[in-house]
Amino acid sequence: MRPVFSSTRQAAAFGALLGILLLLPVLIAKMGWLDRGDAYLFVNKNAGPFPWIYQQIFIETNDVDIAFVGSSRMMTDISTPAVKRELSGKLHADAEVFTIAWNWGGYDALYTIARDLLEHRRVRMMVVCDDLGQFPHPFGHYWLRMGEQSDVRAGMPLLAQMSCYANEVLGAPRCLLKLVRPVQFDSHWDLNPFYLEIDGANFKEQLGSMRKRLGIEANPANFIPFQPRGLATPADARVYSPASRDAFVFNDAGRDEYQLYFARKLAEICRQHGTWLVALYLPALDERNQTAISWRAPWREFSNGSAMLVGIPAARLFAGISDADVQKLFYNNDHMNQNGQDYFTPLIIPALLNLYATSTNSF
Amino acid sequence: MDAPTILLGMAVAAVYVALCRWLVKKQGRLREITFALLNIGIVFYFFFWDSAHPMVSVKTMGVYLLIVLGQYLVLDHFPDRPGWISWIGFLLPIGILVVFRMQPMHSLFKLTGLSYLAFRTSYLVLEVRNGIAKKPNVWEYFGFAFFAPTLSVGPISPYSLHRQAFAGSGRSEIPVGRALLRVIVGMVKYRFLGAICDQLTYFPMLATGQVHHRIDVVIAAVAYYLYLYCNFSGFCDIAIGGAGLMGISVAENFDNPFAARNIKDYWNRWHITLSHYMRDVVFSPLSKALVRLLGPARINHAVAISVFVVFLLIGVWHGVGWKYAAFGMAHGLALVVNLYYTLMLKRWLGKDMFAAYNRNPLIRAVAVALTFSYVTAALFIFHGNTEVIQTVRAIFGSH
């Protein structure tokens, strides 16, 4: 077996290469030539509609009435145009409502992107969901960059900081692209086939949400347009309070200190920017018989009462609908399809608008 | 994978390596049986065991063992027979590979490493026929066929080299430090450098729906080549180093391919064991047959045709589909051009000038750059992702 390096010089060159790559995030941060928005323009389409997210954060400037922020479930379960219509009707003015969501959950991603939003636009109400996921987020190397949001790292355990740094190392070479060509935003991104739905709908029309015409196992052939006749009404929505405590269950399944750390930071940053934080329960298919709203992160504890929990217990939401028909509302265990979105949205809108009214005294 | 699973895997691997290292120094039939069973167990644990589907795991491994047993029985009975019958032992592993690459077998049984196992065991038949290696007993055969470090992605290491470690006092020792460093460097290349290069390859770079420039395509192309090198050679380093820790030699598979000055040189530096296999199994017999057919005066054409066929097969071996065949043809064509160019140059320059031409550093630099560019471009065909192709077309069409 020959030696792995043919000479000392080759070994030194290999070591130097590793050293440069490992220190690249620090070098790039010291150069200071990066714009925060650039991180979003390099994100691959598999991570989600990041041109849309970039547009909402860095290009649009008007105040936001309601922002739905989170993972793909936020994209699929709520019809943002429907919320906008209802709120505009209440306000007698054009409401600013949109969804910015991406693939895979994780409070670290939620915090990072929500913070970018809050630092660039005034948001009256932010709606999130129970977003536990893998830490770091699988696409964290796109938006984790040294020198940006660095204050949040200070309170993290060393191992978590190292995980974040590893993502920064992975994403650093991509940042160097700015040295060789301009980073530009394509305003016609929505016409790109990457971002068109199966039926031609796009994120701009849907205000960041998606209408998935997919049946179970995410198969378009399994999709059947369906309007269930369930027994649920908007009055079944529950907002957490001492009186409604029995409708909520907090459990430690999947509890992760890093995730909770970022969840606390999210609540903190919303408070700092005067944004009303609402945590919305989005039921999964396997939760359909649960009589209480199950929440994995102990939201109430660490939000110090400034975040509102709202949802409809799954058993109530799907009451009067057979198991076979409930299946027609989802395209996999966690995501509703177009049928589910059309069924769930009108049932939860009144509760969301009541919270909006409470937070803003606007109607 | 969570940390406990990774740690358990590392502990199992360490125990496996230590046991193999101890075993190769022993003698006797019990050594061969233990070595074979140990490797079969490790292969089952790392490549086939799925706790969610235990019966499927066991069934798949059972099929694999039966295939290898069948190959051994044919090897044991046919190599000394006269005529074409002796070639059954060589053709059987290749035939099994072809069958299991096609549907529905490919869907029913995911036999990790079948390709490399087919090459290694078919080559073993040639080594036995040509007297390079003694015919193995069944345990030696299984120990070689299921040798865990080289099962999944090679190298296609010859049986004769593998057996040197078991030779007793005649074998050469592999320094442990050298083998360990090889493993570490391999892991760095595979998991770190490969992951970094992957960020800049075609799909991650270009599938963003954003404005892209032509230089993005160049960067993606180069990054893809680097990614494949780090990924493949890194894994081979781990395999070679891991085997080295056991005291077992494995053939080298890469030799700084970026320094290749022409496509022929490239294939002596990239996936070397595949080149050697195809040279011995396809090129040599085919070129000899063509020379007999076309006559000695047309030896160059015989070589050219043989080379083209070899690389068409190499392309198709990588996968089913037009892009793999086109990839093979691109390399075959480049080799044929290189062959005739070299012949023409030799004739034109004469022996001394041709030697000076080869020594010239500027010419060498240009040749290396051209070879690098050609390999990079050919890999675009290999990549062949439809969305990427459309994006690249749009980038070049819009300027």
Report task. Heavy-atom distances under 4.5 Å only: say whether B/Ile240 touches chain A with side chain, backbone, both or neither. Result -> both
**Report entry** Under 4.5 Å from a heavy atom of chain A, the part of B/Ile215 involved
**Finding:** side chain
Report task. Give a yes or no answer on whether the side chain of B/Arg182 reaches the backbone of A/Arg2 with a donor-acceptor pair at less than 3.5 Å. Result -> yes
Requested in this report: Flag yes if more than 12 heavy atoms outside B/Met187 fall under 6.0 Å of its CE atom; otherwise flag no.
Outcome: no
Query - Contact class of B/Ala179 relative to chain A, heavy atoms under 4.5 angstrom - result: both
**Report entry** Proximal to chain A - members of residues 223-239 of chain B, heavy-atom separation under 4.5 Å
**Finding:** none
Requested in this report: Search all heavy atoms of B/Gln199 against all heavy atoms of A/Leu170 and return the closest pair with its distance.
Outcome: CG-O, 3.4 Å
Query raised in the report: Between the side chain of B/Arg178 and the main-chain N/O of A/Met1, is any donor-acceptor distance below 3.5 Å?
Result: yes
Query - Shortest non-hydrogen separation from B/Thr208 to A/Phe42 and the atoms involved - result: CG2-O, 3.8 Å
**Report entry** From NZ (A/Lys45) to OG1 (B/Thr391), nearest 0.5 Å
**Finding:** 9.5 Å
Query raised in the report: chain B heavy atoms under 4.5 Å from A/Pro182: which part of the residue, side chain, backbone, both or neither?
Result: both
Query raised in the report: Rounded to the nearest 0.5 Å, how far apart are CD1 of B/Ile196 and CG of A/Leu24?
Result: 8.0 Å
Query raised in the report: In terms of heavy-atom pairs under 4.5 Å, which option from A/Phe185, A/Phe5, A/Trp189 contacts chain B the most?
Result: A/Phe185
Query raised in the report: Ignoring hydrogens and geometry, is there a side-chain-to-backbone donor-acceptor pair from A/Asn44 to B/Ala207 under 3.5 Å?
Result: yes
Query raised in the report: With sequence neighbours left out, what residues match A/Phe50 under ring pair (Phe, Tyr, Trp, His ring centres under 6.0 Å)?
Result: A/Tyr40, A/Trp143
Query raised in the report: Is it the backbone or the side chain of B/Asp216 that comes under 4.5 Å from a heavy atom of chain A, or both, or neither?
Result: side chain
Report task. Tell me, for A/His141 versus chain B, whether the close heavy atoms (under 4.5 Å) come from the side chain, the backbone, both or neither. Result -> side chain
Query raised in the report: Just wondering, do A/Arg181 and B/Arg214 contact through their side chains at under 4.5 Å, heavy atoms?
Result: no
Requested in this report: Please state whether the side chain, the backbone, both or neither of A/Val183 comes within less than 4.5 Å of a heavy atom of chain B.
Outcome: neither
Query - Min side-chain heavy-atom separation B/Leu193-A/Leu18 under 4.5 Å - result: yes
Query raised in the report: Of all of B/Val185, B/Asn256, B/Ile174, B/Leu200, which one pairs up most often with chain A through heavy atoms under 4.5 Å apart?
Result: B/Val185
Query raised in the report: Do the side chains of A/Phe14 and B/Lys189 get nearer than 4.5 Å, heavy atoms only?
Result: yes
**Report entry** Side chain, backbone, both or neither of B/Ile219 within contact of chain A (heavy atoms, under 4.5 Å)
**Finding:** side chain
Query raised in the report: In this structure, are over 12 heavy atoms from other groups packed under 6.0 Å from B/Arg269 atom CZ?
Result: yes
**Report entry** Heavy-atom proximity to chain A below 4.5 Å, by part of B/Glu252
**Finding:** side chain
Query raised in the report: Where on A/Tyr142 is there a heavy atom nearer than 4.5 Å to chain B: the side chain, the backbone, both, or neither?
Result: side chain
Query raised in the report: With only heavy atoms counted, which part of B/Val250 is less than 4.5 Å from chain A, the side chain, the backbone, both or neither?
Result: neither
